[in-house]
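These notes are about the structure you will find just below.
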2 protein chains.
Amino acid sequence: MVPFMQEPPPTGSAFLLAQLGAHATRRFTERIAELDLTPPQTGLLRVIARRPGESQQVLAAELGTPPTRLVALVDGLEQRGLIERRRNPQDRRLYAVHLSDKGRETMRALAKVGAAHEEELTSALSTEERMVLHGLLGRIAETHGLSQGVHPGYRDLDRP
Amino acid sequence: MVPFMQEPPPTGSAFLLAQLGAHATRRFTERIAELDLTPPQTGLLRVIARRPGESQQVLAAELGTPPTRLVALVDGLEQRGLIERRRNPQDRRLYAVHLSDKGRETMRALAKVGAAHEEELTSALSTEERMVLHGLLGRIAETHGLSQGVHPGYRDLDRP
DNA sequence: TATTGTTATACTCTATAACTATA
DNA sequence: TATAGTTATAGAGTATAACAATA
């Protein structure tokens, strides 16, 4: 969503966070494009890896997105052989969504991409400074209820 | 653009920055909605305030956006009386874009919104910690060429 | 009747290309 | 011919509502 600019105080921390967050997202998007993945696909893979076998409804709730949006997303990853839809014989309305072997391989590649991304982004800082930064960011995230490892995106946003 | 999730390492600083950046943007968007402004409008106002009298071409270059996009943006702000297009008698192709008195008033309101936003976002930290955070973020932003006070958004992004 | 997944549709935001008016 | 601004058009991404199958 989000366009090219934000806030009035030229360089408060809030503005820097918005700036750096957009930059981090852009760079990460470029990196995963080489794996032929988009950020939404990557996020879905992560949730499936963490909670294998869940229904699409549960995955949608976990991601905070409308269930309809998951259909195309799951379709795409399934067609590429990264995930599998398994029918539940007890309740034939549900699918159980799992990673495939190829999907697990992709997760390992994503871990490498993430490490390189982290290194690039924090390259200006010493090891000690990185720990300080991580601690401060973690506390801010915690007080704003962002600690679950799921990117909030812009859901729940009343856009004008 | 950006969807609901990003990266593999559950809580590296890169992921935290993306998370917090999206959160900061969302909260700021909510706040300026009460002034009936969107983030792109706010960013344009800031650039005009900093460089009054520039042409739309220059403003577009400054924001890193196609000039066509500025037309509707300038239209909207002009219709609400926040900015003025002034013809240049020497070269009647150009406009010189200026803030109006009402626009300057809006800038003051935006400054207040920004201060409240900054306070809310960093409320978990002490005064000292806020200074440390600001210093670290500033250094990271600098090494990635983000220091101009203009939000990069997702321009130049090769999206899949 | 309620729920899972799906399809159809519409809306927002943005970019690209074609046009006008001035130079 | 080149440039500033504009309009028209198309595309990506997302959400809402209606629908089919199953419970």
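Note that the structure is a prediction, hence the values are computed from the model and not measured. By convention in this document, chain letters (A, B, ...) are assigned in the order of the sequence lines, proteins followed by strands, and residues within each chain are numbered from 1.
- In this structure, B:Glu54 atom CD and D:dA4 atom C1' are separated by 14 Å, rounded to whole Å.
- The CD-C1' distance, from B:Gln57 to C:dA21, rounds to 14 Å in whole Å.
- Taking CZ from A:Arg80 and CG from A:Asp36, the interatomic distance works out to 4.5 Å, rounded to the nearest 0.5 Å.
- Going from atom CZ of A:Arg87 over to atom C1' of C:dT4 covers 9 Å, rounded to whole Å.
- In terms of phosphate contacts, A:Arg92 brings no side-chain nitrogen or oxygen within less than 4.0 Å of OP1 or OP2 of C:dT4.
- Dashed line: the shortest gap from a side-chain N or O of A:Gln90 to OP1 or OP2 of D:dA23 is not under 4.0 Å.
- Residue contacts shown for A:Ser55 are limited to sugar-phosphate atoms, with no base heavy atom under 4.0 Å away.
- The phosphate of D:dT14 has neither OP1 nor OP2 within less than 4.0 Å of any side-chain N or O from A:Thr65.
- Nearest-nucleotide assignment on DNA chain D puts the 5′-proximal partner with A:Thr68, out of A:Arg93 and A:Thr68.
- One can place CD1 of B:Ile83 at 14 Å from C1' of D:dG5, the figure rounded to the nearest angstrom.
- We find that CG of B:Asn88 is positioned 14 Å from C1' of D:dG5, with the value rounded to whole Å.
- Of the residues listed (B:Leu77, B:Val74, B:Leu94), the one engaging B:Arg85 in a side chain to side chain contact (heavy atoms under 4.5 Å, CB included) is B:Val74, and it is the only one.
- In this structure, B:Arg69 atom CZ and C:dT16 atom P are separated by 12 Å, rounded to whole Å.
- D:dT6 atom C1' lies 9 Å from atom CD of B:Gln56, rounded to whole Å.
- In this structure, the side chain of A:Glu118 engages the main chain of B:Ser13 through a donor-acceptor pair within 3.5 Å.
- Sequence order on DNA chain D of the closest nucleotides to A:Pro66 and A:Pro89 puts A:Pro66 first from the 5' end.
- Rounded to an integer number of Å, the gap from CG of A:Leu70 to P of C:dT7 is 14 Å.
- Using a cutoff of 4.0 Å between basic side-chain nitrogens and carboxylate oxygens, A:Glu105 and A:Lys102 are not scored as salt-bridged.
- Within the 4.0 Å cut-off from OP1 or OP2 of D:dT6, at least one side-chain nitrogen or oxygen of B:Arg85 is found.
- Heavy-atom contacts from other residues, nucleotides or ligands closer than 6.0 Å to CZ of A:Arg87 number more than 12.
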